Amino acid sequence: MHPEFRADIHCHTNCSDGSDDPIALLHLAKEVDLQGLSITDHDTIAAYAPKLFEMAKELGIEILPGIEISSEWERASVHILGYGFDLEDRAFRTFLEEMQTRRTERNRAILEKLAKFKVPVLEKELQALADQLPYKKTIGRPHIAELMVQKGYVATTQEAFEKYLKEGACCYSSGIRYTPRDVIDKIHLAKGKAVLAHPHFIKRRHFLKSLLSLPLDGIECYYAKLPKAQELPWLQLAKERNWIATGGSDYHGALKPHIALGSSWVNRTIFDKLLNP
Ligand code: AMP
Ligand code: ZN
Ligand code: FE
Ligand code: FE
């Protein structure tokens with residue numbers, strides 16, 4: 001066993017846009033010698049079924065409830081990580097249901113635009129993709145991109161984003177409609193900690209500044225293969241604000257094969273701060 005406690009607290013399963021089943025992910029975590037894990041699927045806690053906890057216990061892996069929630073601000077997408085919330089919280093579950101309804105409507109708007117641009121993807125094709133896996137819960141642009149590759153419109157999912165799906169592209173549609181502040185409040189009401197995900201992706205300084213004025217509990221400082229020097233400004237900021245400095249790989253399995261589970265991680269102290277509010 002690794003002498004040091006290490007927990008990867010940012011990873012995705014096939015409940016959203018990862019490729020691994022939650023149980024398979026636990027086995028992988030064991031293989032790479034992690035002692036803690038938080039699955040942070042986009043807008044769903046479907047991975048947190050009783051059998052996940054049973055298997056985690058069997059493998060000796062500690063689980064921190066987690067989620068990565070989509071929000072929108074100034075027509076840009078912002079991801080907020082939630083940790084240590086009450087998985088049974090009624091209001092939180094209702095909020096996530098509402099989020100799924102908004103996603104369905106937004107997917108529909110994107111498909112309408114794709115049809116206009118003569119690269120049609122049908123709703124039933126998207127649904128068939130979702131139905132292939134027993135878990136798949138959160139369906140969004142990555143799945144639409146996958147179908148565009150299958151249909152031969154583009155060579156790669158990256159090309160689908162560049163040409164059609166990224167923010168500002170011809171077939172992009174916003175539509176999540178919750179602000180980062182809304183999402184932070186929902187996480188707090190469910191007794192969780194709210195963390196700004198991958199801040200190094202945010203390039204507009206003014207925009208970043210407005211996000212950093214929100215009532216966050218933490219900021220994601222360690223990320224995938226982010227070089228040490230690029231972690232430093234975020235660690236410094238966390239220290240100044242007395243925020244929890246979190247990190248994880250943002251593992252997606254075969255969908256982002258260059259990112260390995262455990263390539264970023266947090267220690268016992270950080271893990272416990274998020275687990276026990
Ligand atoms: P959605 O939640 O439907 O808006 O999809 C967001 C997901 O799409 C993100 O978590 C990324 O994995 C992926 N994504 C977003 N922008 C891009 C991009 N420019 N290229 C490739 N993937 C992207
Ligand atoms: Zn993702
Ligand atoms: Fe993200
Ligand atoms: Fe993520």
Side-chain angles (χ1 to χ4, degrees), residues 7-22 25 28-29 37-48 64-73 76-83 96 99-100 103 106-107 110 126 129-130 133 135-147 149 156-158 160-161 165-167 172 174 176 178-180 183-184 187 192-203 207-208 211 214 216 218-226 234 246-266 274:
D8 189 337
I9 60 168
H10 188 160
C11 53
H12 299 267
T13 73
N14 61 9
C15 296
S16 63
D17 58 348
S19 62
D20 296 3
D21 181 273
L25 191 66
L28 181 61
L37 191 73
S38 181
I39 294 172
T40 50
D41 276 310
H42 299 281
D43 307 329
T44 180
I45 51 173
Y48 292 95
L64 165 69
I67 189 167
E68 182 173 19
I69 304 185
S70 316
S71 69
E72 286 173 8
W73 184 243
S77 155
V78 177
H79 287 173
I80 305 287
L81 293 156
Y83 292 112
L96 296 179
M99 184 72 103
Q100 293 300 333
R103 274 193 165 276
R106 179 226 192 187
N107 288 340
I110 294 174
L126 193 57
L129 183 77
L133 290 155
Y135 285 101
K136 200 157 261 181
K137 274 277 180 187
T138 296
I139 304 297
R141 288 182 290 160
H143 310 97
I144 296 173
E146 209 174 308
L147 285 170
V149 174
T156 61
T157 54
Q158 193 55 42
F161 270 94
L165 301 173
K166 71 175 184 190
E167 279 156 25
Y172 178 73
S174 65
I176 305 292
Y178 287 107
T179 66
V183 168
I184 292 169
I187 293 168
K193 299 266 193 267
V195 172
L196 180 64
H198 38 64
H200 61 283
F201 284 163
I202 304 165
K203 298 299 176 206
F207 184 69
L208 178 65
L211 291 176
L214 294 170
L216 292 158
I219 188 158
E220 195 172 46
C221 302
Y222 316 101
Y223 183 83
K225 290 184 254 169
L226 194 66
W234 309 113
T246 78
S249 61
D250 208 359
Y251 174 81
H252 281 73
L255 279 101
K256 293 183 184 175
H258 52 291
I259 295 170
L261 187 68
S263 56
S264 263
W265 46 273
V266 297
L274 296 164

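Whatever order the structure lists ligands and atoms in, that order sets their numbers, starting from 1. As the structure is a computational prediction, the values presented were derived from the model and not from experiment. In this chain, numbering begins with 1 at the start of the sequence shown.
- A tilted orientation is assigned to the rings of H252 and H42, their planes being inclined by 30° to 60°.
- Counting backbone and side-chain atoms alike, H42 contributes no N/O/S atom closer than 2.8 Å to the Fe ion (ligand 4).
- For D17, the N, O or S atom with the smallest separation from the Zn ion (ligand 2) is OD2.
- Proximity of a side-chain donor or acceptor of D43 to a complementary backbone N or O of S70 within less than 3.5 Å is detected.
- Side chain of K225 to main chain of H258: a donor-acceptor pair is present (N/O by atom type, distance under 3.5 Å, no hydrogens or angles).
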* Asked: Would T246 and I219 satisfy side chain to side chain contact (heavy atoms under 4.5 Å, CB included), going step by step from the backbone distance to the final call?
  -> CA-CA 6 Å; T246 78; I219 188 158; over 6 Å; no
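- Using a cut-off of 2.8 Å, one finds that H42 contributes an N/O/S atom close to the Zn ion (ligand 2).
- Vertex the Fe ion (ligand 3); arms to H79 atom ND1 and H198 atom NE2; angle 110° (nearest 10°).
- Take the N/O/S atoms of E68: the one nearest the Fe ion (ligand 3) is OE2.
- Between the T40 side chain and the G66 main chain, no donor and acceptor come within less than 3.5 Å of each other.
- Vertex the Fe ion (ligand 4); arms to H10 NE2 and D250 OD1; angle rounded to 10 degrees, 80°.
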